[in-house]
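In what follows, a structure is listed as structure tokens, so that the remarks can point back to it.
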Amino acid sequence: MPKITIDGEELEVEAGMTVLQACEQAGKEVPRFCYHDRLSIAGNCRMCLVQMERSPKPVASCAMPVGDGMVVYTDTPEVKKMRQGVMEFLLINHPLDCPICDQGGECDLQDQAMAYGMDHGRYKENKRAVEDKYMGPLIKTIMTRCIHCTRCVRFSTEVAGVTDMGLIGRGENAEIVTYLDQAVSSELSANVIDLCPVGALTSKPYAFMARPWELKKTESVDVSDAQGCAIRVDSRGPEVMRVLPRLNEDVNEEWISDKARYWVDGLKRQRLDRPYVRGKNGKLAPATWNEAFAAIAKATKGVSGSEMAAIAGDMADCESMLALKDLMTALGSANIDCRQDGSKVDPTVRASYTFNSTIAGIEDADALLIVGANPRWEAAVLNARIRKRHLMGKFPIAAIGPAIDLSYPVDWLGEGADVLAEIANGSHPFAEVLKTAEKPMIIVGSGAAARPDGASVLGLARQIAEASGAVSGDWNGFNVLQRAASRVGGLDLGFAPGEGGLDTAGILDGVTSGSIKVLYLLGADEIASKDLDKPFVIYQGHHGDAGAHVADVILPGAAYTEKDATYVNLEGRVQRGQLAVFPPGEAREDWKIVRALSDVLGQTLPYSTLAEVRQGLVKANPVFQGIDDIQAAEWGEFGATGGVSGAFTYPVANFYMTDPISRASATMAECTDEILGGGEGKTGTDG
């Protein structure tokens with residue numbers, strides 16, 4: 001390991017590190033604008049200049065690899081003068097509009113100008129002006145502020161995998177543009193706003209809304225998909241103003257999807273803020289909580305447990321699912337299910353429904369088979385991790401399903417499920433690729449598991465995993481790509497049919513036949529049934545979406561930003577979301593609603609505080625003991641041995657509208673129109 005001396009302090013560093021990284025390791029602060037540790041090195045801004053012995057001129061520390069015996073100085077008067085000169089050049093054309101800039105208060109250029117700026121400018125010529133560019137409904141551009149660090153270009157090309165952005169021109173004519181003057185076609189595009197060190201790229205929906213020092217900041221987790229990205233919810237008063245990513249190396253690094261960032265305006269629209277009861281005229285009318293509970297008590301009186309059922313939706317938290325499960329058990333019903341898409345994963349074998357290799361483990365894999373999944377739309381940040389592994393090299397990727405652009409090269413093997421059977425029996429060439437890999441990986445899409453023959457698809461995928469050595473030692477490369485934030489947590493809790501109970505398909509058949517007389521929907525809006533007017537439907541949720549339209553009683557719940565709640569992400573990681581704002585009107589936290597209803601129904605649940613509910617989670621499954629931990633799932637027998645047929649299809653038809661919050665979001669509607677062209681599947685799922 002090379003030894004380097006920094007400001008008189010000698011230390012050993014890893015070979016291949018840059019001088020800037022070595023300075024950070026030594027605790028020295030080096031300013032920078034273009035350098036970012038997740039992007040390639042550009043060396044554009046020159047702000048990170050340092051002085052080096054035996055070097056005739058200043059050195060850009062971000063681009064200089066360390067060498068044995070180097071002597072570096074970061075805080076001499078000469079270094080400060082160099083940086084002041086660079087800062088003066090950067091500010092030559094930068095407009096003096098900090099008071100109206102949305103980056104004000106969290107701007108790298110402001111911070112560095114405080115340290116290295118001058119108290120006056122010596123440049124007397126006119127400042128350059130640059131025309132603003134169109135980058136879609138999410139990114140606002142004020143390109144006169146741009147300092148050409150090219151972070152945005154490198155992110156879109158390297159991380160997001162799209163080539164929409166670039167730098168054209170030379171010298172003072174250089175400009176960042178989208179080549180075809182169109183919206184950036186990436187599900188991760190708005191991360192360039194966080195990367196931009198000045199106010200050239202800012203948030204268009206958030207423009208002129210608030211200053212950072214006005215906001216209350218709450219750490220939470222995202223529920224727009226099953227990945228559980230770490231986020232920070234910024235709120236002012238009763239309103240969520242914006243969502244930003246938090247650093248979590250194991251889950252999302254420092255990226256979030258555009259939907260996770262911008263669907264929050266949907267939290268203000270179409271909200272349920274009071275109970276409703278359907279009257280004799282067939283119309284829903286506002287009611288008190290007592291009237292709503294009385295209507296439920298009347299409807300359930302004399303109804304046996306076998307005639308009741310409950311389905312949990314995609315964003316239900318673990319506390320509310322536990323409370324509802326306990327209530328249904330007390331009422332004598334085993335007809336419960338959290339798989340509202342009809343997924344055939346086995347609730348008794350945890351390895352059959354989790355992402356066993358973990359998200360970070362993608363970087364260790366050396367071959368990948370994707371079965372009936374579109375990770376770019378089902379888990380956009382996870383897809384970026386697959387692309388990252390592809391860029392590391394020697395990573396063959398094959399997929400079964402309709403050919404689409406996943407942002408990395410894929411060998412499309414065909415759309416039919418028969419290809420999966422061929423790989424399972426070893427007659428397909430890619431079977432040999434998986435067998436020769438040291439750590440092969442298989443990703444089964446949630447849509448593939450929800451097919452009528454989903455159990456057989458899972459069985460074949462398990463057969464491939466075992467035959468190729470994907471499950472051996474401390475490596476488990478069998479993964480199911482869930483897309484519902486509630487799915488893994490619900491299955492961990494046992495929110496699935498009990499002995500003699502009906503699953504989602506059985507419940508809907510019972511609704512049609514009339515054998516199910518009372519149906520409880522806990523935020524379930526994606527179930528497809530034309531006969532939901534037959535039973536008495538109780539809908540508990542936060543938006544007036546599909547479930548509320550068919551309900552006889554509506555109980556207003558809290559959205560994910562309005563409650564302290566537990567979720568389990570697709571890899572089995574237990575996570576906690578925190579209350580950022582209070583629910584609107586008379587809406588309440590979901591587990592409290594179920595607890596209050598249990599009193600009225602004469603089946604009082606044995607907990608009255610959040611701490612007691614969370615003790616119940618641990619009793620239901622010990623995995624809930626460790627927050628932000630993953631307990632490896634034990635491998636077991638699951639899936640069926642029947643034949644498979646037909647082509648795979650993808651469950652998400654519109655990335656921007658997949659749930660009640662995003663369907664209520666004006667920003668997501670704008671993205672649908674401008675980026676997807678208002679195409680098919682505006683509701684977001686195929687049912």
Side-chain angles (χ1 to χ4, degrees), residues 102 132 134-142 182-194 201-210 214-215 220 222-225 229 231-245 256-273 313-315 377 380 485 523 525-526 541-549 556-562 580-581 583-585 587 652-685:
D102 271 319
D132 293 343
Y134 175 75
M135 292 190 182
L138 304 179
I139 305 170
K140 178 184 177 184
T141 62
I142 307 92
Q182 64 184 17
V184 181
S185 58
S186 169
E187 298 74 28
L188 303 171
S189 66
N191 287 288
V192 300
I193 296 167
D194 301 328
L201 304 177
T202 57
S203 173
K204 190 177 283 187
Y206 180 68
F208 307 124
M209 297 292 287
E214 301 175 329
L215 305 175
S220 191
D222 171 49
V223 298
S224 64
D225 57 31
C229 295
I231 60 172
R232 192 186 84 195
V233 179
D234 287 358
S235 57
R236 183 176 62 186
E239 184 178 354
V240 174
M241 303 300 293
R242 65 177 180 179
V243 165
L244 298 176
I256 55 172
S257 72
D258 292 347
K259 181 166 59 177
R261 187 186 297 262
Y262 284 118
W263 69 338
V264 291
D265 66 325
L267 294 170
K268 298 182 287 186
R269 297 176 173 87
Q270 300 179 22
R271 288 301 302 269
L272 300 173
D273 59 357
D314 290 350
M315 293 186 289
W377 278 11
D525 294 277
E526 318 300 331
H542 40 75
H543 276 77
D545 205 73
H549 292 166
Y560 76 109
T561 56
E562 299 159 0
V581 296
V652 179
N654 178 353
F655 168 76
Y656 298 102
M657 289 187 171
T658 54
D659 49 72
I661 299 178
S662 58
R663 285 193 285 267
S665 166
T667 305
M668 294 295 97
E670 199 174 344
C671 288
T672 300
D673 289 335
E674 294 196 34
I675 298 174
L676 301 182
E680 63 188 65
K682 271 204 158 189
T683 58
T685 61

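What you see below is based on every heavy atom in this structure, not just the backbone, and it leaves out hydrogens, waters and symmetry mates. Quantities reported herein were computed from a predicted structural model and do not represent experimental measurements.
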Could you tell me which non-hydrogen atom of [X] sits nearest to which non-hydrogen atom of [Y], and how far apart they are?
| X | Y | answer |
| --- | --- | --- |
| His543 | Ala664 | CD2-CB, 3.7 Å |
| Glu562 | Pro584 | OE1-CD, 3.7 Å |
| Val233 | Ser220 | CG2-CB, 4.1 Å |
| Ala260 | Ser224 | CB-OG, 3.7 Å |
| Glu526 | Asp659 | OE2-CA, 3.8 Å |
| Pro660 | Met315 | CD-CE, 3.8 Å |

Completion exercise
Tyr560 meets the ring-ring contact (aromatic ring centres under 6.0 Å, His included) criterion, sequence neighbours left out, with Trp263
Handout entry: Gap between atom NZ of Lys140 and atom CZ of Phe208 - 0.5 Å precision
Key = 3.0 Å
Handout entry: Separation of Arg261 CZ from Ile193 CD1 (nearest 0.5 Å)
Key = 6.0 Å
Practice task
Examine the side chains of Tyr656 and Ser665 and answer whether a donor and an acceptor come within less than 3.5 Å of each other.
Solution key: no
Practice task
In plain terms, say whether Glu670 and Lys204 are close enough for a salt bridge, that is, a side-chain N and a carboxylate O under 4.0 Å apart.
Solution key: no
Practice task
Using the side-chain contact (heavy atoms from CB on, under 4.5 Å) rule, take Thr658 and Lys259 through it: C-alpha gap first, then chi angles, then the decisive distance, then the call.
Solution key: CA-CA 10 Å; Thr658 54; Lys259 181 166 59 177; 2.8 Å; yes
Problem - Main-chain N/O of Ala190 paired with Asp258 side-chain donor or acceptor, under 3.5 Å - result: yes
